[in-house]
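Excluded from the calculations below are hydrogen atoms, water molecules and symmetry mates; all remaining heavy atoms, backbone and side chain alike, are included. Since we're looking at a predicted model, the values are computed, not measured. The residues of the chain are indexed from 1 along the displayed sequence.
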Amino acid sequence: EAKQILIRSPIPLFILPGNNDWNDCPNPKLARKYWDRYFGDFDDVFPQFPAKVKRQKDYPSNFAFVLDDTLFVGVTVVGG
């Protein structure tokens, strides 16, 4: 449901998990799997995005891209 709301954004957006978005769940591995499934490639819903997004293979919530000579990096650091 959250993804359906966010994909209506008129501008492209990226989502990073918060400190304990999956870590505090009863089943953290399953919660992370759901996060990756529903939000891991969120930028794909914005085909007009002008930059090539690179994602870390094992952690797709980590990403980087260059736009207008500026490097943007999204890194997830999950607390314990």
Side-chain angles (χ1 to χ4, degrees):
E1 185 176 328
K3 183 175 184 175
Q4 294 306 312
I5 293 168
L6 295 171
I7 63 174
R8 290 188 231 142
S9 172
I11 57 172
L13 55 92
F14 289 80
I15 303 170
L16 288 171
N19 185 39
N20 291 12
D21 274 351
W22 66 66
N23 205 35
D24 286 346
C25 293
N27 186 337
K29 287 182 181 182
L30 181 61
R32 180 178 160 226
K33 182 177 177 181
Y34 284 143
W35 179 276
D36 290 344
R37 178 184 301 162
Y38 294 108
F39 298 114
D41 60 352
F42 200 79
D43 48 294
D44 287 347
V45 301
F46 298 103
Q48 74 277 18
F49 190 68
K52 171 76 173 142
V53 179
K54 304 233 178 190
R55 294 190 173 275
Q56 186 177 357
K57 181 181 176 185
D58 293 334
Y59 295 94
S61 56
N62 294 340
F63 63 86
F65 60 88
V66 176
L67 184 62
D68 296 329
D69 295 324
T70 303
L71 174 63
F72 293 84
V73 179
V75 178
T76 301
V77 178
V78 179

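- Thr76 and Asn62 make their closest contact through N-OD1, 2.7 Å (heavy atoms, listed as atom of the first residue, atom of the second, distance).
- Other residues, nucleotides and ligands contribute only 12 or fewer heavy atoms inside 6.0 Å of the OH atom of Tyr34.
- Two rings, from Phe65 and Phe49, have their centers less than 6.0 Å apart.
- Taken from CG in Leu13 to CD1 in Ile7, the straight-line distance is 10.0 Å, to the nearest 0.5 Å.
- Atom OH of residue Tyr38 and atom CD of residue Glu1 lie 12.5 Å apart, to the nearest 0.5 angstrom.
- Phe46 places a side-chain heavy atom less than 4.5 Å from the side chain of Ser9.
- Residue Leu71 places its CG atom among more than 12 non-hydrogen atoms of other residues, nucleotides or ligands, all under 6.0 Å distant.
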Task: Trp35/Cys25 under side-chain contact (heavy atoms from CB on, under 4.5 Å): CA gap, chis, key distance, verdict - done: CA-CA 12 Å; Trp35 179 276; Cys25 293; over 6 Å; no
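- By the criterion of side-chain heavy atoms lying less than 4.5 angstrom apart, applied directly or through intervening Ile, Leu, Val, Met, Phe, Trp or Tyr residues, Phe14 is grouped together with Phe72 in one hydrophobic cluster.
- Around the CG atom of Asp68, the shell of radius 6.0 Å holds no more than 12 heavy atoms that belong to other residues, nucleotides or ligands.
- Transitive grouping of hydrophobic side chains (ILVMFWY, heavy atoms separated by less than 4.5 Å) keeps Ile5 and Ile15 in distinct clusters.
- Remark: Lys33 NZ is loosely packed, at most 12 non-hydrogen atoms of other residues, nucleotides or ligands lying under 6.0 Å away.
- Put simply, the side chain of Tyr59 reaches to within 4.5 Å of the side chain of Arg32, judged on heavy atoms.
- Heavy-atom neighbours of Gln48 CD from other residues, nucleotides or ligands within 6.0 Å: above the threshold of 12.
- In this structure, CG in Leu67 is found 14.5 Å from NZ in Lys52, a value given to the nearest 0.5 Å.
- In the hydrophobic clustering of this structure, Phe63 does not group with Val75; members are Ile, Leu, Val, Met, Phe, Trp, Tyr whose side-chain heavy atoms approach within less than 4.5 Å, directly or through other members.
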